[in-house]
Amino acid sequence: MKMFDFDLDDARASYSEHGWVHLVGGLHRDYLVEIRRQIDEARTAAPLRGKGLRGEKDQRLVELGEGMTWDAELFDVVAPLCGLRRDAMTLSERHIKSYRPDADPCPTAHKDRYASQISVGLTIESPEGSHLVLFPETDRGENPYLDARLRESLEPAQLPEVVLDGAPEVTIHDRPGDVVIFPGSSMWHLRRGAAGTTVVYVKLNDFGCDPLGEDPNTAARRAETLAVAETGDEAMLLRSIPTLARRFDSVNREHRREGWPEFLVANVWGVPPFPVSDQEFSVLRTLDGVATLGELVDRCGPATTSAVRRLARRGAVDLLRDAR
């Protein structure tokens, strides 16, 4: 079973020209059947809840069919189609989204979270009048947040209903089995007449970011990181490659009352915020996913080892094997 059924070269040329692509019938018919089976089975299950999930739709995880892998079905297709780095591809979301009957027929446009560098929409059910609207020419700045706070951060003149007033828009009347691919975190978009629509969105990036922990490899990578961080084999630790963890979000500089002392606080999805030292913050900023810990120690000093080990234990850093 395959996920897609379209010509990759044609799709890549269209995406390169327009910055998005609508592939009529681009979803493989067998996988469309598989998704509908999953939807039927999931109707009685509770929808996803938690940080970063909101909107007028119920969301549930989508799975692949037997014998399918995200690497082969998604990464090997989307990376060359969109010009992304194949070796760093990361799945950041995989949701079945079912719009409720009372969904706003004319919602405000939004941008997806920072981790949704590319959004791939698989249309499953699309009632008459339901259609996707993209704004590919206007205000293409990237959403810097991993949660849903973009709108709250904007000044009145930056709100989408202001900046998109009269802006050119692309209307896509997608039908069941269609595929739409676009840069979700930098392109304003919305769905009009969404009530009763069901779309599967799989979202991905090529910079190792998975705040919701929905990439099946994220948990395994975390387990391996902890094993390396706790090892007594110092040589193995020094051979590992520290990189920002997939669920790492940010570091905030806070000033508390009573004398206004300054703190650096790290934010990692799924764990409470925790303090980091100036040195640990400096280490985080040097990680490039290429240099081994041993090379970083040579560059930054022996204290780097303890800093990386602590950050790995707390979830801010992943430790990868050196494949060189």
Side-chain angles (χ1 to χ4, degrees), residues 51-52 71 75 84-92 113-115 117 144-147 204-256 259-324:
K51 178 182 176 183
D71 278 21
F75 298 164
L84 303 183
R85 294 186 303 148
R86 173 61 185 85
D87 62 335
M89 296 295 285
T90 305
L91 184 63
S92 63
R113 72 182 85 237
Y114 175 67
Q117 182 181 18
Y145 301 109
L146 290 181
D147 55 19
L204 58 159
N205 59 73
D206 68 352
F207 44 80
C209 189
D210 177 23
L212 301 181
E214 294 184 356
D215 187 315
N217 291 323
T218 296
R221 177 163 158 165
R222 180 73 192 134
E224 182 174 340
T225 290
L226 290 175
V228 174
E230 301 299 340
T231 184
D233 185 341
E234 196 74 6
M236 175 189 293
L237 179 63
L238 291 173
R239 287 196 304 271
S240 69
I241 299 176
T243 188
L244 292 178
R246 287 184 166 185
R247 304 194 76 179
F248 172 80
D249 186 335
S250 59
V251 172
N252 295 338
R253 191 176 297 274
E254 298 184 2
H255 295 81
R256 310 284 173 81
W260 301 103
E262 184 177 275
F263 297 85
L264 291 172
V265 179
N267 299 286
V268 177
W269 283 59
V271 301
F274 59 91
V276 294
S277 67
D278 287 332
Q279 184 201 23
E280 289 168 340
F281 181 44
S282 177
V283 167
L284 286 171
R285 297 181 67 179
T286 65
L287 302 183
D288 59 7
V290 176
T292 65
L293 176 55
E295 291 167 341
L296 291 175
V297 168
D298 290 342
R299 189 185 310 162
C300 304
T304 304
T305 300
S306 60
V308 166
R309 195 191 293 267
R310 177 177 181 269
L311 291 167
R313 288 169 174 162
R314 298 301 298 263
V317 164
D318 281 340
L319 298 171
L320 311 180
R321 296 185 184 275
D322 187 0
R324 291 175 289 181

Is there a donor-acceptor contact under 3.5 Å from the side chain of T90 to the main chain of A88? yes
Donor-acceptor pair, R113 side chain versus Y145 backbone, under 3.5 Å? no
Are any side-chain N or O atoms of D210 and backbone N or O atoms of D215, one a donor and one an acceptor, separated by less than 3.5 Å? yes
Applying side chain to side chain contact (heavy atoms under 4.5 Å, CB included) to P302 and not counting sequence neighbours gives none
Backbone N/O of R221 and side chain of T225: donor-acceptor pair under 3.5 Å: yes
Measure the CZ-CG distance between F75 and L91 for me, rounded to the nearest 0.5 Å. 5.0 Å
When rounded to the nearest 0.5 angstrom, what is the spacing between CZ in R222 and CG in L319? 8.5 Å
Do NZ/NE/NH1/NH2 and the carboxylate oxygens of D71 and R86 come within less than 4.0 Å? yes
Looking at N205 and A115, would you say the former's side chain and the latter's main chain have a donor-acceptor pair under 3.5 Å? yes
Closest heavy-atom pair, F207 versus Q117, reported as atoms and distance to 0.1 Å, is CE2-OE1, 3.5 Å
Quick one: pull up CG in L146 and CG in D249 and give me the separation to the nearest 0.5 Å. 4.5 Å
Measure the shortest side-chain to side-chain distance between D318 and R246 over non-hydrogen atoms and say whether it is less than 4.5 angstrom. yes
CG of L293 to OG of S240: how many Å apart, nearest 0.5 Å? 5.0 Å
Examine distances only and state if a side-chain atom of E280 and a backbone atom of L311 form a donor-acceptor pair shorter than 3.5 Å. no
Which atom names give the shortest non-hydrogen contact between S92 and L204, and what distance separates them? OG-N, 3.7 Å
Run the numbers on V276 and R314 for side chain to side chain contact (heavy atoms under 4.5 Å, CB included), then give the verdict. CA-CA 10 Å; V276 294; R314 298 301 298 263; over 6 Å; no
Nearest atoms (heavy-atom pairs only) where L296 meets P242: CD1-CG, 3.9 Å
Indicate the atoms forming the closest heavy-atom contact of A303 with S306, along with that distance. O-OG, 3.0 Å
Smallest separation among heavy atoms of A316 and F274, with atom names: CB-CZ, 4.1 Å
When you measure from the side chain of T292 to the backbone N and O of R239, does any donor-acceptor pair fall under 3.5 Å? no
Closest heavy-atom contact between A291 and R299? CB-NH2, 3.8 Å
Without swapping roles, check the side chain of D288 against the backbone of V290 for a donor-acceptor pair under 3.5 Å. yes
How many angstroms lie between atom CG of L84 and atom CE of M89, to the nearest 0.5 angstrom? 5.0 Å
Would you say CZ of R85 has more than 12 non-hydrogen atoms from neighbouring residues, nucleotides or ligands within 6.0 angstrom? yes
Applied to residues 259-277, the salt bridge (charged side-chain N to carboxylate O under 4.0 Å, His left out) test, sequence neighbours excluded, yields R253-E262
For the atom pair CD (E295) and CD1 (I241), what is the distance rounded to the nearest 0.5 Å? 8.0 Å
